[in-house]
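All remarks here apply to the structure that follows.
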Amino acid sequence: MKAIRVVELTKSYGTKRDVIAVDNLSFEVEEGQIFCLLGPNGAGKTTTIRILNTLLKKDSGKIYFFDIDLDKKPQEIKNIIGVVQQHTNVDSELSVWENLLIHAMLHKMKKSMFEERATQLLETMDMLDKKNRFANKLSGGERRKLTIVRALLHNPKILFLDEPTVGLDTLTRRAIWNDIKQLRSSGKTIILTTHYIEEAQMLSDQVLIINKGKKLIEDAPNILINKLGKITVEYQENNKTAYKFFNTTREAKVFSANLNDLNSIFIRETNLEDVFLTITGNGGEQYCNSLEKCFP
Amino acid sequence: MQLVGEVFPIVLRDLIVLKRRLIVLIGSNLMGPILYLTAFGWGLGSQIHTPEGSYLNFVLPGILSLTAMTSAFNGSGPSITISRIYTKTFEELLIAPIKTSSIAIAKIITGLIRGILACASLILVSFFYGANPFLWNGMFIIHLSFCLLIFSSLGVIAGLIATSHETMNRLNSFFITPMAFLGGTFFNTNLLPYPISCIINFLPITPCSNGIRAAALQKPLVIQYFFEESLWLIFLIFLIIWILKNKELTTPY
């Protein structure tokens, strides 16, 4: 079943509506998937997410959550979504427990259910001993974990994670990756945006790359990598790093043998970052900047 | 019942914070009024006599309406701006399965509570200045409630439309401060030249301070004040509804 269906979504800013943030964007998310929105800065990822979680108004288009029209039943949809914002918007003037209590009350949870679930989630995130601590006394990672606990408290079917690991150290980031994987195992649908392409490759079932509000390509990460070529040759050309993609290591080695500066050659597996840079044209002139050129 | 369930958590949050800051908040709310009472009530007031008796008895209802105005406005407005623009905690309310009108009602109630707290403290303090315990009558409470509701609503509007904390300060400088001095707080507005008194009588603070003063000094009931206060309150509620429907309540990022 489709957890989310977005049809021709458009959003613009400015008094003359001349800054188009999201341009006729359509996509679908299967239930139980981790769906990743990728794009360079200003691509429209956060705007799209913020429209989906009802924080921003759209100009046009339709959005359905499990076939429920967002325009018609926003309250019903707000009950089945959880949101972790890009910024850690916990209430600094409240304790961890109070933050969760207010969230539970806003979501009309019963007290016994709240206490059981909050305890369980805090324990999972290794934060139960900090439940009486004020949110402004928590570390960056702990605050981020609190936003995740809060978003999960009312047991939403769909979880929006907007750059969930931004600004976190490697250890905390890896811990959060594990939590996200566990959430997928529990059947949650997760919409993820991230600047860390490694994160997207590791976690996502499906990736949508957008730029300037428009859809560029959408597929599973391994399919995108295979389309580009499983093997990458990195080499120096005119004092710049150039990249060439091949389907087999043999083809890559044959190509490398003909290069002049053998010391600068690096043969490796292609990753999602190569796909991203190729697709968005951010890799310099060596890169193709259209789907047709990349994936003929 | 559903409305209560939606409004209560937001008010509870504000009450928890209010409880933690109670002493500081009362102190800061009283600082201005105490200075006014000292300067205009004791200092200047000892030299002035009004048809109502001592100037202190005349000015106290004005200072009370001024306190109600600033504490209700500042009790609702700035916290909304900060939570919308800086801490982004307002987004937690917007994505909750509650109506945006419930958020507005909750914030108006918060402003109302803060205003009641400030006014009650001021009434207590005013006894030390030798004011008559004249205030507790029904008309007085109704006018004071109107005043608190009007300015708490105005604070909600300011909080929802302000694009930064500076905008909020500007609204304070251009609207609240002039009203504090001109809206019948320290003098009878009818003493001003005709066109100016017309403008000043149109301000929302003027019927409030005139009404509170009339009730406090046990003057005959003036329906016009109730009418003007009601009109202001209805207008502001419609404005809030319009803003909630038409305005983006959060920043793009």
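Keep in mind that this is a model prediction, so the values were computed, not measured. Just so it is clear, the values below take in all heavy atoms, side chains as well, and ignore hydrogens, waters and symmetry mates.
When side chains are defined from C-beta on, B/Val17 counts as touching A/Leu94, because their heavy atoms get closer than 4.5 Å. Within the 4.5 Å cutoff, no side-chain heavy atoms of A/Thr54 are placed close to those of B/Leu94. Between B/Glu91 and A/Val83, the closest side-chain pair of non-hydrogen atoms is not below 4.5 Å.
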Check step by step if side-chain contact (heavy atoms from CB on, under 4.5 Å) holds for B/Thr87 and A/Asp91. CA-CA 8 Å; B/Thr87 63; A/Asp91 198 325; over 6 Å; no
A/Lys108 and B/Ile98: CA distance, side-chain angles, deciding distance, side-chain contact (heavy atoms from CB on, under 4.5 Å) verdict: CA-CA 10 Å; A/Lys108 302 167 183 96; B/Ile98 57 171; 3.9 Å; yes
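Counted within 6.0 Å of NE2 on A/His195, heavy atoms from surrounding residues, nucleotides or ligands total more than 12; the atom is thus considered enclosed. Atom CE of A/Met1 has more than 12 heavy atoms from other residues, nucleotides or ligands within 6.0 Å. Within a 6.0 Å sphere centred on OH of A/Tyr64, other residues, nucleotides and ligands contribute more than 12 heavy atoms. Few gaps surround CG on B/Leu124; more than 12 heavy atoms of other groups in view lie less than 6.0 Å from it. Heavy atoms from other residues, nucleotides or ligands lying under 6.0 Å from OH of B/Tyr129 number more than 12. Counted within 6.0 Å of NZ on A/Lys62, heavy atoms from surrounding residues, nucleotides or ligands total more than 12; the atom is thus considered enclosed. Heavy atoms of other residues, nucleotides or ligands lying less than 6.0 angstrom from NZ of B/Lys247 number more than 12.
Neither the backbone nor the side chain of A/His154 comes within less than 4.5 Å of any heavy atom of chain B. For a residue to count as touching a neighbouring chain, one of its non-hydrogen atoms must lie under 4.5 Å from one of that chain's; by this rule B/Asn246 touches chain A with the backbone only. Within the 4.5 angstrom heavy-atom criterion, only side-chain atoms of A/His87, from C-beta onward, approach chain B.
Of the charged side-chain nitrogens involved, at least one lies within less than 4.0 Å of a carboxylate oxygen, so that A/Glu98 and B/Arg20 count as a salt-bridged pair. Residues B/Glu248 and A/Lys11 are paired through a salt bridge, judged by an N-O separation under 4.0 Å between the basic side chain and the carboxylate.
A/Gln75 approaches B/Pro97 most closely through the heavy-atom pair OE1-C, 3.0 Å.
The CD atom of A/Gln85 sits 5.5 Å away from the CD1 atom of B/Ile95 when rounded to the nearest 0.5 Å. Between B/Thr89 atom OG1 and A/Glu93 atom CD the span is 8.5 Å, to the nearest 0.5 Å. Annotation: the span from B/Lys245 atom NZ to A/Lys57 atom NZ amounts to 11.0 Å, rounded to 0.5 Å. Distance CG/A/Leu101 to CG/B/Leu12: 6.5 Å, rounded to 0.5 Å. The CZ atom of B/Phe8 sits 11.5 Å away from atom CG of A/Leu106, with the distance rounded to the nearest 0.5 Å.
Counting heavy-atom pairs closer than 4.5 Å to chain B, the top-ranked of the candidates A/Asn79, A/Thr46, A/Leu56 is A/Leu56.
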